[in-house]
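What follows is one structure encoded as structure tokens, with my remarks underneath.
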Amino acid sequence: MNLLSQLEKSITYLKGVGPKRAQLYEKLGIHTVYDLLMHFPRNYTDYSDTVPLERASAEQPCAVRVRIVKKMPPARIRSSLTVFKIVATDGTADLTIVIYNSRFAYDQFAEGEEYILYGKFTGNMIRKEINSPLALKADCPDKIQPIYPLTEGLSQNLLRQTIHNAFAEFERDIYEPMPKEIMREYSLCSLDFALKNIHFPKDAHSLETARRRLVFDELLNLRLGMYLLKRRSRNSTGCVMKNISVRPFLDTLPFKLTDGQLKAIDDCAADMQKTYPMNRLIQGDVGSGKTAVAAGAAYFAAKNGFQTAIMAPTEILAAQHYETLEKFLSPLGIKVCLLTGSLSAKRKKEIKKGLAAGEYQVAAGTHALVV
């Protein structure tokens, strides 16, 4: 049985998530219960560390615990503006909560009840004021509230409740993939503890403990992935090249390459003659001749009947590479093209057709090379 089979169920299995709401979650990349549990908060609002109202300031947001004394009748200022005011106190000072155009936010408060408010407070030591604060019932057990990446149609409260429902329904299906000896060696908490406390931390220490485990998992997955890629790169390739002299390329250059540049080209050529793909990093400062080395490797590939793609992160850099490569290679009969996103659809089609037909031996460009 697949250990993830339960967590791989569609989020429509969760209470309150129907087909229409599921489409909203899909915009966030959330398709399954597992995806939902792995949708981590981007930040938190800490309601646990409250200060007396008289010390709350407008400089930094903070949390205060108050009791609602009176809800004032709504005041309609004009057709597009209704102001709601609520009077509260914490015993050290009074507070006026001001809410604009939100009956829903106004109705969440009840006279005589205690709430923790979070935001910036204006006024003096005797009477404070706050506009549209974040609010939490004082008896809520989750004093550190997660803040998630959202999409239109989903609110923080709705997403939090859905994740609560996911834990209630599927918590028993969260299995532990980490060997116990590794957990002991690195003092890691369990995965179920980490997931619960990354979403709804009991306290700051629990949050840090959860973060540490999940960061460890991410780094371990990255390391294992890199190891697998390295092993996969040792598989055989259908592009085993022959030993062809690059002397014609060197003779046409307007300058003489350094010993280091020559060795780099020789190393690339040697790697391309092996039965597994080349995996080599050429590192150097700006102007150190990396493009010349790439041109030499491209020449070697072209003379073996293969094409070369050189990708750059920006169109400006791609155009610079194109100009340099054309200057180095066109005298040798090697055709170079430039393929970027800003080209017209017609021109892109022409270039791709030319590449498919083998008209060009080298292509410089941006990510347009692979889309």
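Sequence positions, counted from 1, serve as the residue numbers for this chain.
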**OP:** Decide yes or no on side-chain contact (heavy atoms from CB on, under 4.5 Å) for Phe249 and Leu329, but give the supporting numbers first.
**Re:** CA-CA 8 Å; Phe249 167 76; Leu329 299 174; 4.0 Å; yes

Which distance, rounded to the nearest 0.5 Å, do you find between the [atom1] of [X] and the [atom2] of [Y]?
X: Ile144; Y: Asp46; atom1: CD1; atom2: CG; answer: 4.5 Å
X: Glu185; Y: Leu188; atom1: CD; atom2: CG; answer: 9.5 Å
X: Lys353; Y: Glu359; atom1: NZ; atom2: CD; answer: 10.0 Å
X: Lys202; Y: Leu207; atom1: NZ; atom2: CG; answer: 12.5 Å
X: Thr291; Y: Ile282; atom1: OG1; atom2: CD1; answer: 11.5 Å
X: Ile116; Y: Tyr47; atom1: CD1; atom2: OH; answer: 8.5 Å

**OP:** Dump the intermediate steps for salt bridge (charged side-chain N to carboxylate O under 4.0 Å, His left out) on Arg65 and Glu114, then the final yes or no.
**Re:** CA-CA 7 Å; Arg65 179 170 179 151; Glu114 290 193 343; 2.9 Å; yes

Would one find more than 12 heavy atoms of other residues, nucleotides or ligands at under 6.0 Å from atom [atom1] of [X]?
X: Phe40; atom1: CZ; value: yes
X: Lys274; atom1: NZ; value: yes
X: Phe104; atom1: CZ; value: no
X: Asn124; atom1: CG; value: yes
X: Gln283; atom1: CD; value: no
X: Asp259; atom1: CG; value: no
X: Lys85; atom1: NZ; value: no

Original post:
Under 6.0 Å from the six-membered ring centre of Phe170 and within 45° of its axis: does the NZ or CZ of Lys9 meet both?
Top reply: no

**OP:** Cation-pi check, Lys335 to Tyr360: give yes when NZ or CZ is under 6.0 Å from the six-membered ring centre and within 45° of the ring axis, no otherwise.
**Re:** yes

Subject >> Check: Glu315 side chain, Ser342 main-chain N or O, donor-acceptor pair, under 3.5 Å >> reply: yes

Original post:
Does any N or O in the side chain of Glu113 come within less than 3.5 Å of the main-chain N or O of Ala110, such that one atom is a donor and the other an acceptor?
Top reply: no

Would you call [X] and [Y] a salt bridge, using N to O less than 4.0 angstrom?
X: Arg347; Y: Glu350; result: yes
X: Lys70; Y: Glu111; result: no
X: Glu176; Y: Arg213; result: yes

Original post:
Heavy atoms, side chains only, cut-off 4.5 Å: are His31 and Ser10 in contact?
Top reply: no

Original post:
Can you check whether His39 and Tyr25 have ring centres sitting under 6.0 Å from each other?
Top reply: no

Original post:
What do the steps show when you test Asp192 against Ser190 for side-chain hydrogen bond (donor to acceptor under 3.5 Å, both in side chains), and what is the final call?
Top reply: CA-CA 6 Å; Asp192 63 338; Ser190 64; 2.4 Å; yes

**OP:** Report the C-alpha separation of Thr32 and Asp35 in whole Å, then their side-chain angles, then the decisive distance to 0.1 Å, and conclude whether the side-chain hydrogen bond (donor to acceptor under 3.5 Å, both in side chains) test is met.
**Re:** CA-CA 5 Å; Thr32 66; Asp35 294 335; 3.2 Å; yes

Original post:
Only one of Asn131, Ile130, Leu136 forms a side chain to side chain contact (heavy atoms under 4.5 Å, CB included) with Pro133, so which one is it?
Top reply: Ile130

Considering non-hydrogen atoms only, spot the tightest contact between [X] and [Y] and give its length.
X: Phe121; Y: Cys62; value: CE1-O, 3.7 Å
X: Ala166; Y: Leu36; value: CB-CD2, 3.9 Å
X: Thr314; Y: Leu317; value: OG1-N, 3.2 Å
X: Leu369; Y: Ile310; value: CD1-O, 3.7 Å
X: Ile68; Y: Ala88; value: CD1-CB, 4.0 Å

**OP:** Apply side-chain contact (heavy atoms from CB on, under 4.5 Å) to Thr252 and Phe328, showing your working.
**Re:** CA-CA 7 Å; Thr252 58; Phe328 289 164; over 6 Å; no

Original post:
Between Phe167 and His199, what is the ring plane arrangement, given parallel below 30°, perpendicular above 60°, and tilted in between?
Top reply: perpendicular

